[in-house]
Visitor: 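Here's a structure for you.
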Amino acid sequence: MTVLLYTYTDWQCKVVPQLEAALHARGEKLFWIGRRSPGINSTMIRGVPPGNPFKKQPAFEAEGPLPTLEDPIAFEKAFLSPYMYQMNRYAKGYGSRGHTMKYFHEYRDHFHLTARRFKRVLLRNDVTSVIFFNMPHTGDDYLLYRVAEDMGLRVTMFMVSPFKNMFFSTPSIESYGILDKSRGPSEGASAEMDVFDRQVKQTVQSYMFGVYRSSGWNIKDAAFAVMALLRRNPGFVLDPGRIGAKIFEVMRLRRSLKKSRRTRREMLSGHRTEQLLDWLMSLDRNTEKLPEKYVYFPLHFQPELTTVPQGGVFGDQALAIEMLRAALPPDVAIVVKENPMQGAFHREATFAKRLKQLENVVVLHPSVSNELLEQNCLAVGVVTGTAGWEAIRDCRPCICFGHAWYLDCPGVHKFDENFDLQVILDNPPTRATSEAFLGEIVARAHNGVVYEFFLDSDDPDVEAKNFNALTALFVSFTFGETPTTFQAH
């Protein structure tokens with residue numbers, strides 16, 4: 001009987017020795033996949049690097065035939081698309097140290113081989129449960145999760161919560177955000193909205209490296225923008241009428257992303273840079289002519305797990321907008337706002353063309369105020385983003401397309417075939433119901449930190465206490481002694 005642990009950072013790996021000892025005391029073994037884990041020998045954060053995950057990794061290259069999947073056709077139909085999406089993040093030209101797969105059949109072959117190899121690992125090590133330190137979203141970990149799920153193994157994944165020193169747990173991606181109503185309300189399940197709203201803001205600002213603030217022109221930012229453009233898109237000098245606008249957009253992106261290296265990467269190169277700049281410069285900044293009635297849809301930064309896999313099929317945000325447009329009355333517009341951190345990946349010309357084909361859809365520049373757009377809208381539409389929480393906070397209806405932590409809050413409406421705008425408008429969140437929901441979800445969350453970025457103390461005793469608490473929880477989850485925050489799907 002073996003527990004498989006999948007870690008994502010060196011810091012998370014520190015829990016492995018004491019978790020192994022704790023499981024051994026209960027008669028269980030530990031198999032670990034993570035950075036620098038035994039038999040993996042990977043220099044990448046992901047324990048199994050994308051592209052050629054089993055090269056020079058003896059633990060996965062054991063002799064013997066690969067077992068087949070229970071139903072490979074159904075498995076491919078369900079999971080090949082999100083797997084390719086996640087793997088594409090590391091394709092040549094998009095990510096460093098990535099893979100060179102280019103054609104559909106290469107991804108498909110790799111998908112089946114990797115799934116079968118993971119199944120062999122799970123079978124040969126007698127794995128009975130799998131624990132992820134995050135929601136799987138980088139390709140290899142996602143496929144490991146789906147194979148374990150297909151084999152009927154117990155799966156537990158952890159997610160950073162927006163609340164201080166707390167995290168969520170879920171047995172599946174599809175369960176995330178769904179509370180087990182059969183458990184009944186927790187005692188004293190109510191929380192003050194303002195207190196937790198501040199925590200949500202602080203968490204988002206920390207994770208997103210602050211909030212974008214325009215500070216006009218300065219020599220340092222302008223020099224960076226010119227050098228970045230010369231490197232990524234030297235032809236920009238041949239367009240004198242728009243040189244200033246292009247420099248401004250790169251400066252704005254740099255301030256949003258906070259890091260020069262990340263900005264250069266997000267710009268990509270050549271025609272992709274030009275497409276990104278064309279897209280950004282085409283977006284309207286004028287809020288004086290907003291439609292009288294509209295649903296506000298702020299775009300997510302991509303690629304991120306908040307869209308794939310949390311968004312399901314609506315990780316394709318253009319599809320979400322297309323479906324929403326088809327479901328809304330003709331006189332209700334959709335106002336879309338680009339994300340200030342968004343780079344060229346996912347903003348090729350094809351994305352712009354899809355939105356331009358829709359009637360009564362307005363796309364605004366990322367510099368436009370979120371607060372202004374939310375205050376004047378009928379409802380807020382999101383895949384899973386923080387804007388959904390802000391709608392709840394302001395007692396405004398939220399239309400959610402994916403699996404967000406606040407999905408079960410009254411006044412949040414999952415987009416489906418029963419979509420009815422009037423029903424949504426007639427049932428907005430209220431402060432009382434939202435505070436009751438907050439209290440309930442906090443009562444079901446777990447104390448501790450699962451990602452070092454949110455450990456707000458350098459005291460080694462604090463870190464040790466945190467790992468002790470995590471170890472006890474991990475063992476408890478392994479034996480089904482502690483319920484997860486969200487219910488089994």
Visitor: Please check if the side chain of D221 supplies one atom and the backbone of M251 the other of a donor-acceptor pair under 3.5 Å.
Guide: no
Visitor: Would you check, one step at a time, whether the test ring-ring contact (aromatic ring centres under 6.0 Å, His included) holds for W11 with F467?
Guide: CA-CA 10 Å; W11 179 83; F467 282 134; 4.9 Å; yes
Visitor: Would you say S186's side chain and E440's backbone share a donor-acceptor pair under 3.5 angstrom?
Guide: no
Visitor: Do the side-chain N and O atoms of S367 and R252 include a donor-acceptor pair separated by under 3.5 angstrom?
Guide: no
Visitor: Does some side-chain heavy atom of S434 sit less than 4.5 Å from a side-chain heavy atom of P429?
Guide: yes
Visitor: Apply ring pair (Phe, Tyr, Trp, His ring centres under 6.0 Å) to H112 and list each qualifying residue two or more places apart in sequence or on a separate chain.
Guide: none
Visitor: Under 4.0 Å between a Lys/Arg side-chain N and an Asp/Glu carboxylate O for E266 and K258?
Guide: no
Visitor: Rounded to the nearest 0.5 Å, how far does CD of E390 lie from CG of D197?
Guide: 8.0 Å
Visitor: Do D194 and R393 sit within salt-bridge range, that is, some charged N less than 4.0 Å from a carboxylate O?
Guide: no
Visitor: Distance to the ring centre below 6.0 angstrom and angle to the axis at most 45 degrees; does that hold for R26 and F479?
Guide: yes
Visitor: Taking the basic N atoms (NZ, or NE/NH1/NH2) and the acidic carboxylate oxygens, is any pair closer than 4.0 Å for R431 and E435?
Guide: yes
Visitor: Within the supplied structure, the quantity of interest is the number of heavy atoms (other residues, nucleotides, ligands) at a distance under 6.0 Å from E70 CD; does it exceed 12?
Guide: no
Visitor: Do you know which of W32, F133, F132 makes ring-ring contact (aromatic ring centres under 6.0 Å, His included) with F474?
Guide: F133
Visitor: What's the shortest heavy-atom distance between R444 and D180, and which atoms?
Guide: NH1-O, 3.1 Å
Visitor: In terms of ring plane angle, is the pair W405 and F437 parallel, tilted or perpendicular, where the classes change at 30° and 60°?
Guide: parallel
Visitor: Report yes or no: do H300 and Q310 form a side-chain donor-acceptor pair below 3.5 Å?
Guide: no
Visitor: Regarding T433 and T430, do their side chains bring together a donor and an acceptor under 3.5 Å, going by distance alone?
Guide: yes
Visitor: Report the relative orientation of the aromatic rings in H110 and Y83; use parallel for angles under 30°, tilted for 30 to 60°, perpendicular for over 60°.
Guide: parallel
Visitor: Could R108 and F111 be counted as a cation-pi pair, given that NZ or CZ must be under 6.0 Å from the ring centre and within 45° of the axis?
Guide: no
Visitor: Are any of the side-chain heavy atoms of Y6 and Y145 separated by less than 4.5 Å?
Guide: no
Visitor: Does Q12 reach the main-chain N or O of Y8 with its side chain, forming a donor-acceptor pair under 3.5 Å?
Guide: yes
Visitor: Nearest heavy-atom pair of F477 and P483: which atoms, and what distance?
Guide: CE2-O, 3.8 Å
Visitor: Looking at K414 and F401, would you say the former's side chain and the latter's main chain have a donor-acceptor pair under 3.5 Å?
Guide: yes
Visitor: Would T384 and H403 count as having a side-chain donor-acceptor pair, cut-off 3.5 Å?
Guide: no
Visitor: How close do M135 and D141 get, counting heavy atoms only, and between which atoms?
Guide: O-OD2, 4.4 Å
Visitor: Between K29 and D126, does any NZ, NE, NH1 or NH2 come within less than 4.0 Å of an OD or OE carboxylate oxygen?
Guide: no
Visitor: Looking only at non-hydrogen atoms, find the nearest pair between Q199 and F163 and report the distance.
Guide: OE1-CA, 3.3 Å
